[in-house]
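What follows is a single structure, written as structure tokens, with notes after it.
Lettering of chains follows the sequences in order, A, B, ..., and the numbering in each one begins at 1.
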2 protein chains.
Amino acid sequence: MSNNRQPATIYQVAAQAGVSIATVSRALNGSDTVAESTRKRVLIAVKELKFRPSRLGQSLAEGRHAANGIVFPDLSGPYYAEVVLGYEEVAAELGSSVLILSTHGRPDPAGKVMDLARRVDGMVVISRTVADTVIAQVTEIGIPVVLLARPAVGSCDTLNADNVDSAHDLVGHLVEHGYERFGFLGDPAGSPDVHARYEAFRAALRAAGRRSPRAPLRCDFDVESGRRAAARALRRPARPEVLVCGNDETALGALEAAKELDLSVPEDVVITGWDDVMAARYAGLTTVRQPMRELGATAARWLQERIAGNAGPVRRETLATQLIVRSSCGVHDHKT
Amino acid sequence: MSNNRQPATIYQVAAQAGVSIATVSRALNGSDTVAESTRKRVLIAVKELKFRPSRLGQSLAEGRHAANGIVFPDLSGPYYAEVVLGYEEVAAELGSSVLILSTHGRPDPAGKVMDLARRVDGMVVISRTVADTVIAQVTEIGIPVVLLARPAVGSCDTLNADNVDSAHDLVGHLVEHGYERFGFLGDPAGSPDVHARYEAFRAALRAAGRRSPRAPLRCDFDVESGRRAAARALRRPARPEVLVCGNDETALGALEAAKELDLSVPEDVVITGWDDVMAARYAGLTTVRQPMRELGATAARWLQERIAGNAGPVRRETLATQLIVRSSCGVHDHKT
DNA sequence: TTGAAAGCGGTACCAG
DNA sequence: CTGGTACCGCTTTCAA
């Protein structure tokens, strides 16, 4: 008949067990200085009252949230979802709850991030979701921040996936195919990754003795934006032979644009992506695979260590990526 | 020079402004009973000390977390990611932080959920992530729960995507193609949705006067499991003409299996999926589109209303789904 | 218009 | 081994 609306408090447990709240706390937190008989009585009271310590009281007293956060632009693409998954998995293992915050298209991202900062012991910030000054503010109040897929700032640990080597591999492969006229689809100003990819792409082209591409065909990250931008480019008389896209979703859009214009891929136009999201495989898209889960997982581990007080040197690492050759970049001997 | 390690407290602000903490609290929370001059002084002190109220103190005093949670099996598939996205978007709009919890393959999901319950004002539970008894426990301590993609339990609001009508449409379409021998790929015991789909599929077949399918080809939800299970089935002499799959990922696996066995789709074998994840489009997979974002968004709204104290009647709704015909189910006149 | 003080629900130190 | 009690940082009466 215990139709308790309000959860029981430690005081009620103490009363029920005939001990002080201090003893209840000890009994529950595995202190070894509690008589076995007492502990037993407490445990019984706990069971009867269905007592569960209030997280708020606990956190307030302990001075920690036992939670951390992750900030990303958007969960709609498969990319961030994978990163968040890798993050959550490790965070959970380490005993932290995880709060998520998406900033894309939301008002006042800075305020939202500062708000998040009051709820967590640390956070991961992905890409260019908030201004550097905000990150500085967060770290200043003692909340460790790990940066992901964006340039380092301050003394935050920073983790990136390689864009340079993979751009080199990609361009090298395309050059072997003999292509000459390259275009880049995506907005370098839109994300640090795309920026890095574009620069590395240009450098690789130069290194291969190819003509510089014209200015990037700027577009948003989604399929539809990619489709529109690609359609414009492919309609031009001197269309590029190759469209290197800043991410897979724009590349998928480009594939659609090609189809609409009755251009076959890779015969009439070559298209490549970046990230290797699930759909890329089924679209036969040549792309660069990122270790998305591992990015999230590593960030979670680093963050935990900082929260735990690790004062070691700042970490800056770049995880390796892998060129995935499929059919969209040309015909190959071996099977897809 | 304010190199404050520890964040300022309301006491320091009060001291600095020469008022009591009560006044600081009022000034900050827009009480109209604070003299303008006083408020100004307080605000200055706040700025100087970079004061931000502690979420814990605030929540403890207010008796609410201003946060809610969402429990899902796994974020790896695109499906849940979309649902979570829709959820987070609305929750953020409504001023709640969101905590995520993935249970798949984790030890003690019940404990994790109870733990989550202590950090939120309410939660959404998707699919069969935890036992019904756990859900009962959560609601019993006064935490509203909204159920998603699973059967109702207790008096929780419950939201589902339609499986019956879409199964009917799907089977109807396949029957029009003239197919006779149907198989089902997926484990009805693995998720409420797959269960419902299988049952609806059978019922629709019966209604269409087709032979009952043999027992479902059970497999997990990922591509690889689908591939293996499908390969087994397709190698049998009397292989099914049609493989209706419980979700898109297993269907994608089935497509691979067919390819490996040199069976062409849809000529040699027809394959359909469920969910319409992004990859389905590029794989040419006939499937059923679910309003994933809207599922999440609606759940978030319902939850918020319950948290706010809405005591209206229990809600049970089913959102409509849509048959998406692509190439994997047969040749059609119109374009894909 | 403001301040004092009583919670909110725990943890942990200090005595006993 | 146990109890008393001082926090943790805020909101909200109740009085003045």
So does [X] get a side-chain nitrogen or oxygen closer than 4.0 Å to the phosphate oxygens (OP1/OP2) of [N]?
{"X": "B:Q58", "N": "D:dG9", "answer": "no"}
{"X": "A:S20", "N": "D:dT2", "answer": "no"}
{"X": "A:T23", "N": "D:dG3", "answer": "yes"}
{"X": "A:S54", "N": "C:dG9", "answer": "no"}

Quick one: does A:S59's side chain have a donor or acceptor within less than 3.5 Å of a partner on A:R64's backbone?
yes
Give [X] one of three labels, base, sugar-phosphate or nothing, depending on what nucleic acid heavy atoms sit under 4.0 Å from its own.
{"X": "B:R26", "value": "base"}
{"X": "B:V19", "value": "sugar-phosphate"}
{"X": "B:T33", "value": "base"}
{"X": "A:R52", "value": "sugar-phosphate"}

The side chain of A:V34 is closest to which nucleotide in this list: C:dG10, D:dT11, D:dT2?
D:dT2
Which nucleotide, C:dG7, C:dG9, D:dC1, lies nearest any side-chain atom of A:T38?
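Nucleotide nearest to A:T38's side chain: D:dC1.
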Salt-bridge test for A:D157 and A:R301: reply yes if a basic N is under 4.0 Å from a carboxylate O, no otherwise.
no
Of B:L56 and B:A22, the one whose closest DNA chain D nucleotide lies more 5':
B:L56
Atom pair CG (A:D193) and CG (A:N160), whose distance is rounded to the nearest 0.5 Å:
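The CG atom of A:D193 sits 6.5 Å away from the CG atom of A:N160.
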Whole Å only: how far is the CD atom of A:E62 from the C1' atom of C:dG9?
12 Å
Whole angstroms only, please: what is the CG-P distance between A:N29 and C:dG9?
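It is 17 Å, rounded to the nearest whole Å.
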Salt bridge (Lys or Arg N to Asp or Glu O under 4.0 Å) assessment of B:E317 paired with B:R315
CA-CA 6 Å; B:E317 280 186 25; B:R315 269 188 283 220; 5.6 Å; no
Heavy-atom donor-acceptor pair, B:Y11 side-chain to D:dC10 base, under 3.5 Å:
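For B:Y11, whose side chain was compared with the base of D:dC10, there is a donor-acceptor pair (under 3.5 Å).
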